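These notes are about the structure you will find just below.
By convention in this document, chain letters (A, B, ...) are assigned in the order of the sequence lines, proteins followed by strands, and residues within each chain are numbered from 1. Because the structure is a prediction, the values reported are computed rather than measured.
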There are 2 protein chains.
Amino acid sequence: MILSQKLENFVLHCGEMGSRWGFNRTIGQMVGLLVISEQPLSANEIAEALRISRGNVSMGIKELQSWQLVKVIHVPGDRKEYYAPNGSIWDLANKVFEERRKREIDPTLTLLRDSIIEPAESNEEAYAQEQMQQIHDLLETVTKWSAELQRLSPEQLQTLMKLGSSVSKVIDLKDKLLKK
Amino acid sequence: MILSQKLENFVLHCGEMGSRWGFNRTIGQMVGLLVISEQPLSANEIAEALRISRGNVSMGIKELQSWQLVKVIHVPGDRKEYYAPNGSIWDLANKVFEERRKREIDPTLTLLRDSIIEPAESNEEAYAQEQMQQIHDLLETVTKWSAELQRLSPEQLQTLMKLGSSVSKVIDLKDKLLKK
DNA sequence: ATTGACTTTCAAATTTTACTGAAACTTTAA
DNA sequence: TTAAAGTTTCAGTAAAATTTGAAAGTCAAT
């Protein structure tokens, strides 16, 4: 398993980006590799392609499974496990989004709610709480909205995105219709 | 500058989240602190409140300025510089989004474009390129859409988000209008 | 041109995070 | 029940990121 220059570049780039998406470099590379590979890969092939230890691959796979980003494939008559991306690019992106929401936004919302609910004990706290309320409202709106968007079919979502800013015209229109 | 338990919790939490949003723990704490503080704070006050070194604050401020998240305030007759969040919560969130797009999505799009443009040199590369094309299209759609959304006024955006799932009705509506 | 109040820089120390590889574990087949 | 082929775990090590603090820099007032 040796990658051409072009493919290696892509995989390395995924590594750099990996940390931004919520995992570490190696795991980013693993996702990149699996995505561009037509055949499922065994742990050894991954280790070889990325020049990392077998143990590291094992830990990476575990992490990717907790994100639901890879699926395991068993080939009859072969005891090795093979790994492949769990769904289309679109599915993967969705899962990353969803998972990050769970890990980052939700705990923050909880903390903010708890903080806001108890009465301010000073002027400073009163101001701080107003700000926290703002953050809370923002996060909640965004969370709800992204949940709604996920309910739309990919086609509807495409339509909506392609509407772009002219979506505002449609909204205005809707307002007018409602008033009638 | 000593924080009440509640405020300290919030600041620490911002620290944890900081790394998710693209900066490190300390810088996350700094943002949290500035956001909940009604008065602008001097570098020394920040260092004291967060129990970190003066030098660290200086570097953090520099980083936050590169994200355009803080503004400097000069008080007449006082040589110290004071720092405050650069805009509302909404503005800050927007800036983080915008900045991350620049730092993460844009370079990825460039790499993908470059990779896709040159012809595949093998079957593997051909498959890989198809996948890269998918990623490219996804990122481009999302980028364009977020740019469009940023053009809407906050009120329009609020309206849109609050539409929630009935957004699909709006889409249907649009379809019908087009057909006429 | 010196002092004092402040800020910035950056090499070195520290802390955190990731990786390796050998040992332990699991599973299948003979 | 043993061996062989595979996977996982985790203590120790290596690498990366962060932090400190002392020194250098800036600037206004004297």
Side-chain angles (χ1 to χ4, degrees), chain A residues 1 11-34 40-67 70-84 103-104, chain B residues 1 11-34 40-67 70-84 103-104:
Chain A
M1 190 76 201
V11 168
L12 293 179
H13 185 86
C14 289
E16 303 308 316
M17 288 304 130
S19 41
R20 312 294 187 150
W21 288 72
F23 10 83
N24 66 34
R25 190 155 36 80
T26 304
I27 295 184
Q29 291 178 358
M30 290 177 56
V31 177
L33 179 63
L34 291 174
L41 299 178
S42 70
N44 279 322
E45 287 169 322
I46 296 171
E48 195 195 354
L50 304 181
R51 271 85 122 263
I52 59 176
S53 75
R54 189 59 191 66
N56 199 358
V57 174
S58 180
M59 290 191 299
I61 292 288
K62 208 170 128 196
E63 176 74 4
L64 286 177
Q65 281 172 333
S66 85
W67 286 76
V70 291
K71 64 182 168 197
V72 180
I73 289 171
H74 287 278
V75 174
D78 186 342
R79 280 169 64 187
K80 278 206 279 297
E81 299 195 317
Y82 292 85
Y83 304 97
R103 297 181 186 202
E104 297 166 27
Chain B
M1 189 76 199
V11 168
L12 293 178
H13 184 86
C14 289
E16 302 309 316
M17 288 305 130
S19 40
R20 312 295 189 149
W21 288 75
F23 10 84
N24 67 33
R25 189 154 37 79
T26 303
I27 294 182
Q29 291 179 358
M30 289 176 58
V31 177
L33 179 63
L34 290 174
L41 300 177
S42 71
N44 279 322
E45 286 169 323
I46 296 171
E48 195 195 354
L50 305 179
R51 271 84 125 262
I52 59 178
S53 74
R54 191 56 191 69
N56 202 355
V57 173
S58 181
M59 290 192 299
I61 292 289
K62 205 170 130 196
E63 176 74 3
L64 287 177
Q65 281 172 331
S66 85
W67 287 76
V70 291
K71 64 181 169 199
V72 180
I73 290 171
H74 288 278
V75 175
D78 185 343
R79 280 169 60 189
K80 279 205 280 296
E81 299 195 318
Y82 292 86
Y83 304 98
R103 297 182 187 202
E104 297 166 27

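Nearest nucleotide to the B:Ser58 side chain, out of C:dT8, C:dT20, D:dG6: C:dT8. The side chain of B:Tyr83 lies closest to C:dT8 when the candidates are D:dT19, C:dC19, C:dT8.
A sub-4.0 Å separation between OP1 or OP2 of C:dT7 and a side-chain N or O of B:Lys62 is absent. Of the side-chain N and O atoms in B:Thr26, one or more sit less than 4.0 angstrom from OP1 or OP2 of D:dT19. The phosphate of D:dC27 has neither OP1 nor OP2 within less than 4.0 Å of any side-chain N or O from B:Arg79. For B:Arg54 and C:dT7, the shortest distance from a side-chain N or O to OP1 or OP2 is below 4.0 Å. Look at B:Asn24 and you won't find any side-chain N or O under 4.0 angstrom from OP1 or OP2 of D:dA17.
As a whole-Å value, the separation of A:Leu41 CG from D:dG6 P is 15 Å. In this structure, the NE2 atom of A:His74 is 13 Å from the C1' atom of C:dT28, given to the nearest Å. Atom CD in B:Glu63 sits roughly 16 Å away from atom C1' in C:dT9 (whole-Å rounding). In this structure, B:Lys80 places its NZ atom 18 Å from P of D:dC27, rounding to the nearest Å. In this structure, A:Asn44 atom CG and D:dA4 atom P are separated by 18 Å, rounded to whole Å. Rounded to a whole Å, the CE atom of A:Met59 is 8 Å from the P atom of C:dT20. Note: CZ (B:Phe23) to P (D:dA17) measures 17 Å, nearest angstrom. Between the CD1 atom of B:Ile52 and the P atom of C:dT14 there is a distance of 18 Å, given to the nearest Å.
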Discussion item. What does the 5'-to-3' dot-bracket notation of DNA chain C look like when only Watson-Crick and G-U wobble pairs under 3.5 Å count, and pairs to other strands show as |?
Written reply: ||||||||||||||||||||||||||||||

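Counting all heavy atoms, side chain and backbone alike, B:His74 lies closest to B:Val72 at NE2-CG1, 3.8 Å.
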Practice prompt. Evaluate the side-chain contact (heavy atoms from CB on, under 4.5 Å) criterion for residues A:Leu50 and A:Val57: first the C-alpha distance (whole Å), next the side-chain angles of each, then the deciding distance (0.1 Å), finally the verdict.
Written response: CA-CA 9 Å; A:Leu50 304 181; A:Val57 174; over 6 Å; no

Item to complete: I would like to know whether A:Met1 and A:Leu33 meet side-chain contact (heavy atoms from CB on, under 4.5 Å); could you show each step before the answer?
Response: CA-CA 11 Å; A:Met1 190 76 201; A:Leu33 179 63; 4.3 Å; yes

Item to complete: Begin from the C-alpha positions of A:Ile61 and A:Met30 and carry the test side-chain contact (heavy atoms from CB on, under 4.5 Å) through to its verdict.
Response: CA-CA 8 Å; A:Ile61 292 288; A:Met30 290 177 56; 3.6 Å; yes

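Each of A:Glu81 and A:Arg25 lies near DNA chain D, and the nucleotide nearest A:Glu81 is the one positioned closer to the 5' end.
More than 12 heavy-atom neighbours from other residues, nucleotides or ligands sit within 6.0 angstrom of CZ on B:Arg54.
Residues B:Ser42 and B:Tyr82 meet the side-chain proximity criterion, which asks for heavy atoms closer than 4.5 Å.
Rounded to the nearest 0.5 Å, atoms CZ (A:Arg25) and CG (A:Leu12) are 9.5 Å apart.
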